[in-house]
Amino acid sequence: MIIVNLIGFALIGVIVWWFWLYKPTNTVIDAREVQIEVADGVYTPSSIQVKAGQSVTLNFKREDQSPCAETVLFPALDISEQLPIGEVTSVTLNDLTPGEYAFHCQMQMYRGMLKVVE
């Protein structure tokens, strides 16, 4: 019984870390295109930094079979794109102003951040 409780607490700790405490490293992009892999429950890279005033194309390639991975949303930019399995879906963002733009799946299990800096 003690072992079952310890395993349960360990799983709760992993879930808390994964959804609330995990902070991905920034990927600073000088190019105008970024390849983003959608697999294993995450966007890779999930934290992208670009310069303001330039257009950037985010190429999402979905490898994950999960139904949650089928859509990517950029709520602040009013963008929603379907991601077919095994195909590249391009999202072009033009003349972004400085700030942070979250992107995620419809259930917010897959999460990412686009940081636009001067």
Side-chain angles (χ1 to χ4, degrees):
M1 189 66 157
I2 293 174
I3 293 173
V4 172
N5 287 336
L6 291 175
I7 292 172
F9 284 125
L11 287 175
I12 289 170
V14 169
I15 290 169
V16 167
W17 175 80
W18 180 262
F19 285 103
W20 292 288
L21 302 177
Y22 173 71
K23 300 292 183 207
T25 58
N26 271 353
T27 300
V28 179
I29 303 297
D30 287 329
R32 303 230 177 204
E33 280 194 40
V34 180
Q35 307 300 321
I36 301 173
E37 182 179 348
V38 182
D40 302 322
V42 296
Y43 296 122
T44 306
S46 62
S47 182
I48 303 163
Q49 181 175 310
V50 297
K51 292 182 182 174
Q54 71 180 18
S55 65
V56 63
T57 301
L58 305 176
N59 295 315
F60 290 88
K61 184 170 185 189
R62 177 180 170 206
E63 299 294 339
D64 203 324
Q65 299 286 333
S66 170
C68 189
E70 70 185 7
T71 304
V72 63
L73 302 166
F74 288 81
L77 301 173
D78 199 29
I79 294 174
S80 173
E81 289 290 333
Q82 296 295 313
L83 304 176
I85 296 174
E87 296 180 23
V88 174
T89 303
S90 297
V91 176
T92 301
L93 307 170
N94 296 311
D95 300 324
L96 295 171
T97 57
E100 292 186 348
Y101 300 92
F103 59 96
H104 52 76
C105 68
Q106 63 270 25
M107 293 175 56
Q108 295 189 29
M109 293 177 69
Y110 296 73
R111 295 176 291 155
M113 182 65 67
L114 177 66
K115 296 177 183 177
V116 181
V117 297
E118 288 290 331

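- In summary, the side chains of Thr92 and Thr57 do present a donor paired with an acceptor at a separation below 3.5 Å, with no hydrogens or angles considered.
- For the pair Val91 and Phe60, the minimum side-chain heavy-atom distance is below 4.5 Å.
- Here NZ of Lys61 is found 11.0 Å from OG1 of Thr89. Values are rounded to the nearest 0.5 Å.
- When all heavy atoms of Ala76 and Tyr101 are compared, the pair lying nearest together is CB-CD2, 4.0 Å.
- Under a cut-off of 6.0 angstrom, the local environment of CG in Leu6 is crowded, with over 12 non-hydrogen atoms contributed by other residues, nucleotides or ligands.
- Val38 has its side chain within reach of Leu83: a pair of non-hydrogen atoms, C-beta onward, lies under 4.5 Å apart.
- Counting only distance, with no hydrogens or angles, the side chain of Asp64 and the backbone of Asp40 share a donor-acceptor pair below 3.5 Å.
- Between Leu77 atom CG and Leu93 atom CG the span is 6.0 Å, to the nearest 0.5 Å.
- Between Phe74 and Phe103, the ring centre distance stays below 6.0 Å.
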Next item on the list: Apply the test side-chain contact (heavy atoms from CB on, under 4.5 Å) to residues Asn59 and Glu33: give CA-CA distance (whole Å), side-chain angles for both, the deciding distance (0.1 Å), then the verdict.
Entry: CA-CA 7 Å; Asn59 295 315; Glu33 280 194 40; 2.8 Å; yes
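- Between Lys115 atom NZ and Ser47 atom OG the span is 4.0 Å, to the nearest 0.5 Å.
- Taking 4.5 Å as the limit, every side-chain heavy atom of Ile7 sits out of range of all side-chain heavy atoms of Asn5.
- Listed here is the closest heavy atom pair of His104 and Tyr43: C-OH, 3.4 Å.
- Of all heavy-atom pairs between Ile36 and Pro45, the closest is CG2-O, 3.9 Å.
- For the pair Glu118 and Pro98, the tightest heavy-atom approach, listed with the atom from each and the gap, is OE2-CG, 2.8 Å.
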Check: Given Lys51 and Val116, is the side-chain contact (heavy atoms from CB on, under 4.5 Å) satisfied, shown in steps?
Finding: CA-CA 5 Å; Lys51 292 182 182 174; Val116 181; over 6 Å; no
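- Between Leu96 and Leu114 the shortest side-chain heavy-atom distance falls below 4.5 Å.
- With a 4.5 Å cut-off on side-chain heavy atoms, Asp95 and Ser55 do not count as touching.
- Listed for the Arg62 side chain is no donor-acceptor partner under 3.5 Å among the backbone atoms of Pro84.
- In terms of heavy atoms, Cys105 sits closest to Leu73 at O-CD1, 4.0 Å.
- Heavy-atom neighbours of Asp78 CG from other residues, nucleotides or ligands within 6.0 Å: at or below the threshold of 12.
- Both Met107 and Val72 are members of a single hydrophobic cluster when ILVMFWY side chains are connected at heavy-atom separations under 4.5 Å.
- For the atom pair OG (Ser66) and CD1 (Ile85), the distance works out to 9.0 Å, reported to the nearest 0.5 Å.
- Linking ILVMFWY side-chain heavy atoms closer than 4.5 Å, directly or via other members, places Met113 and Leu58 in two distinct hydrophobic clusters.
- The line from CD of Gln82 to CD of Glu70 is 5.5 Å long, rounded to the nearest 0.5 Å.
- How far CD of Glu37 is from OG1 of Thr44: 6.0 Å, rounded to the nearest 0.5 Å.
- Ile12 and Val4 fall into different hydrophobic clusters, where Ile, Leu, Val, Met, Phe, Trp and Tyr side chains are chained together by heavy-atom contacts under 4.5 Å.
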